[in-house]
Amino acid sequence: MNAPSFRIALYFVAGIAAFAQPPYDLLLKGGHLIDPKNRVYAIRDVAISSGKIAAVAEKIEPAKARRVVDVSGLYVTPGLVDIHVHAFAGTMAPEYTGALGVRPDGFTFRNGVATVVDAGSSGWRNFAEFKQQIIDNSRTRVLAMLNIVGRGMAGRTTVEQDTTDMDPERTASEAARYPGLVVGIKIAHYAGPEWTAVERAVEAGRRADLPVMVDFAEFRPERPFQDLVLRKLRPGDIYTHLYLGAVPMLDPQGRVLSYLLEARKRGVIFDVGHGAGSFLFRQAVPAVRQGFVPDSISTDLHVSSMNAGMKGMLNVMSKFLNMGMSLEDVILRSTWNPAREIRHPELGHVSVGSSADIAVLRIVDGNFGFVDSSRRRLQGTKRLVAELTLRDGRVVWDLNGLASDDWAK
Ligand SMILES: [Zn+2]
């Protein structure tokens, strides 16, 4: 064969190969899709191409995908969004600026989580370090809230009490340097009797046009919690640690206090922020039974919480499932709701064109115990397990090798 005809033959072969190439990289076949944003709760096939959701339909031809994963009997949900974690683990600086943080990839994907928000571990002085060490080096999508304290969470009884390092202007201008990456302002652990810390955080939030997340720490009569949620916080601001023992939750007859409903009506967001010490069944069970459920479910993941009753995102979600919340509702509050709270409406749903962040979950039936912050147990019959997690269409967790070939074939 002479050179030109060889070249033509090569083009011909390449042309056939291109023609034969299936349009989808991956097809999740036969799963029960739970996509609260799009109100889809049904058996659907989901096809992925170039990291995006390419098609969602009742039936998609297997021949159209390079790999087909049978997910029948499983739940397909948007990749989970956990808006309260501590992931500043790149240094061995004190407390949440290092020693208590965890690297996100070790804990997220195995829990179906694709996106986390670091809740104020760093402030304007050390956010760049956090970004360089963790955000830029994680496969998990890591977003952040800046602590109103410039040095972040580098000491609960020292650094975090220093009101002279709570600078709304510098905090807001650091946030403005990273639009979309910095998604809020955090205030935590402040023990003083006045409102200074909360007010500075809200001022930074106003300047940066971002929501504020509050960990109210010590509840003091000089600054009642009721005033925080009824007056100080703006609509869209987030109170985390909803089922903390100190939150006034129930009247003597066990009914949810009306100020909480009023605060919710004002637009204040209530987030779980389970943590090591911030979740009691004696608060959560009666509240959930009466319909006072969290807007978003989050973990407050860190070294202490992950080894106590919190454990991981799916364990926290399983608690709500076993308290009687429907699976659809649990997923809504772990995907689309938190995505909106942090103003990332492109996340938390399975829409054609959106990033293919997906969790494939199994509900295991059995006899399970769930532990709260006072080491009280809730007995349950269901536990959520992550079979498969995709981030931007890539398989980043595959518990039982669903997306792998049998070794003998
Ligand atoms: Zn926290």
Side-chain angles (χ1 to χ4, degrees), residues 22-60 62 64-83 104-105 107-116 138-143 296-297 312-314 317-318 327-328 330-340 342 344-363 384-404:
Y24 304 133
D25 300 324
L26 189 70
L27 175 60
L28 301 175
K29 190 131 191 74
H32 186 126
L33 179 61
I34 299 181
D35 182 11
K37 190 237 168 179
N38 294 313
R39 297 197 166 85
V40 180
Y41 311 98
I43 306 291
R44 287 287 181 274
D45 291 350
V46 177
I48 290 149
S49 179
S50 305
K52 307 273 187 204
I53 305 292
V56 179
E58 280 181 40
K59 285 270 177 302
I60 297 173
K64 287 185 173 171
R66 283 198 286 126
R67 182 174 288 281
V68 180
V69 181
D70 178 7
V71 291
S72 51
L74 302 174
Y75 295 95
V76 175
T77 79
L80 306 178
V81 180
D82 181 358
I83 62 165
D105 295 353
F107 302 90
T108 48
F109 299 144
R110 62 190 53 230
N111 277 284
V113 175
T115 300
V116 294
S138 295
R139 293 171 79 183
T140 308
R141 182 182 289 102
V142 182
L143 309 172
S296 46
I297 296 174
M313 184 68 168
L314 289 176
M317 290 163 65
S318 297
L327 179 62
E328 290 78 2
V330 170
I331 299 301
L332 166 69
R333 288 158 214 284
S334 314
T335 57
W336 177 231
N337 275 7
R340 277 185 297 174
I342 57 167
H344 272 272
E346 80 284 9
L347 300 176
H349 49 93
V350 183
S351 308
V352 171
S354 64
S355 293
D357 290 0
I358 286 187
V360 177
L361 306 177
R362 183 190 296 280
I363 291 187
L384 285 165
V385 174
E387 283 286 351
L388 199 66
T389 305
L390 308 183
R391 161 82 209 273
D392 286 327
R394 283 174 69 191
V395 174
V396 287
W397 171 255
D398 187 358
L399 182 65
N400 286 299
L402 291 178
S404 304

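The residues of the chain are indexed from 1 along the displayed sequence. Keep in mind the model is a prediction, meaning the values are calculated, not measured.
The CD atom of Glu346 sits 9.5 Å away from atom CG of Asp357, with the distance rounded to the nearest 0.5 Å. If you take NZ on Lys37 and CG on Leu332, they are separated by 12.5 Å, rounding to the nearest 0.5 Å. How far CD1 of Ile363 is from NE2 of His32: 9.5 Å, rounded to the nearest 0.5 Å. With rounding to the nearest 0.5 Å, the separation of CE in Met313 from CG in Asp82 is 4.5 Å. In this structure, CG on Leu390 lies 10.0 Å from CZ on Phe109, to the nearest 0.5 angstrom. Remark: Ser72 OG to Leu28 CG distance equals 11.5 Å, nearest 0.5 Å.
Between Ala65 and Leu26, the closest heavy-atom pair is CB-C, 4.2 Å. Pairing each heavy atom of Gly112 with each of Ala386, the nearest pair is N-CB, 3.8 Å. The minimum heavy-atom distance linking Val68 with Pro62 is given by the pair CG2-O, 3.5 Å. Between Ala403 and Leu388, the shortest heavy-atom contact is CB-CD1, 4.2 Å. Scanning both residues, Ala339 and Val81, for their nearest heavy atoms gives N-CG1, 4.3 Å. Of all the heavy atoms in Ser355 and Lys52, the pair that sits closest is OG-NZ, 4.2 Å.
Using a 4.5 Å heavy-atom cutoff, the side chains of Ile48 and Ile358 are in contact. Residues Ile331 and Tyr75 have side chains not in contact (no heavy-atom distance under 4.5 Å, counting atoms from C-beta outward). A 4.5 Å side-chain heavy-atom check between Leu347 and Arg141 finds at least one atom pair inside the cut-off. Looking only at side-chain heavy atoms (C-beta outward), Leu74 and Leu402 come within less than 4.5 Å of each other. For the pair Glu387 and Val71, the minimum side-chain heavy-atom distance is 4.5 Å or more. Contact of the Leu384 side chain with the Leu327 side chain is registered, since non-hydrogen atoms from C-beta on lie closer than 4.5 Å. Side chains of Thr335 and Ile34 form no contact here, defined as non-hydrogen atoms less than 4.5 Å apart. Using a 4.5 Å cut-off on side-chain heavy atoms (C-beta onward), Leu314 and Val385 make no contact.
Not one N or O on the side chain of Asn111 forms a donor-acceptor pair closer than 3.5 Å with the backbone of Val113. A side-chain donor-acceptor contact under 3.5 Å links Ser49 to the backbone of Pro23. Remark: side-chain polar atoms of Arg391 are paired, donor with acceptor, to backbone N or O of Arg139 under 3.5 angstrom. Checking side-chain atoms of Ser296 against main-chain N and O of Pro338 turns up no donor-acceptor pair under 3.5 Å. A donor-acceptor contact shorter than 3.5 Å is absent between the side chain of Ser354 and the backbone of Val350.
Between Lys29 and Asp45, at least one side-chain nitrogen of the basic residue sits less than 4.0 Å from a carboxylate oxygen of the acidic one, meeting the salt-bridge criterion. Salt bridge absent: Asp35 and Arg44 never bring a charged side-chain N and a carboxylate O closer than 4.0 Å.
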Exercise for the section: Decide yes or no on side chain to side chain contact (heavy atoms under 4.5 Å, CB included) for Val116 and Phe107, but give the supporting numbers first. Expected result: CA-CA 11 Å; Val116 294; Phe107 302 90; over 6 Å; no
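The aromatic rings of Trp336 and His349 stand perpendicular to each other, their planes meeting at an angle above 60°, with 30° marking the opposite boundary.
Between Asp25 and the options Arg66, Arg394, Arg67, a side chain to side chain donor-acceptor pair (under 3.5 Å) holds for only Arg66.
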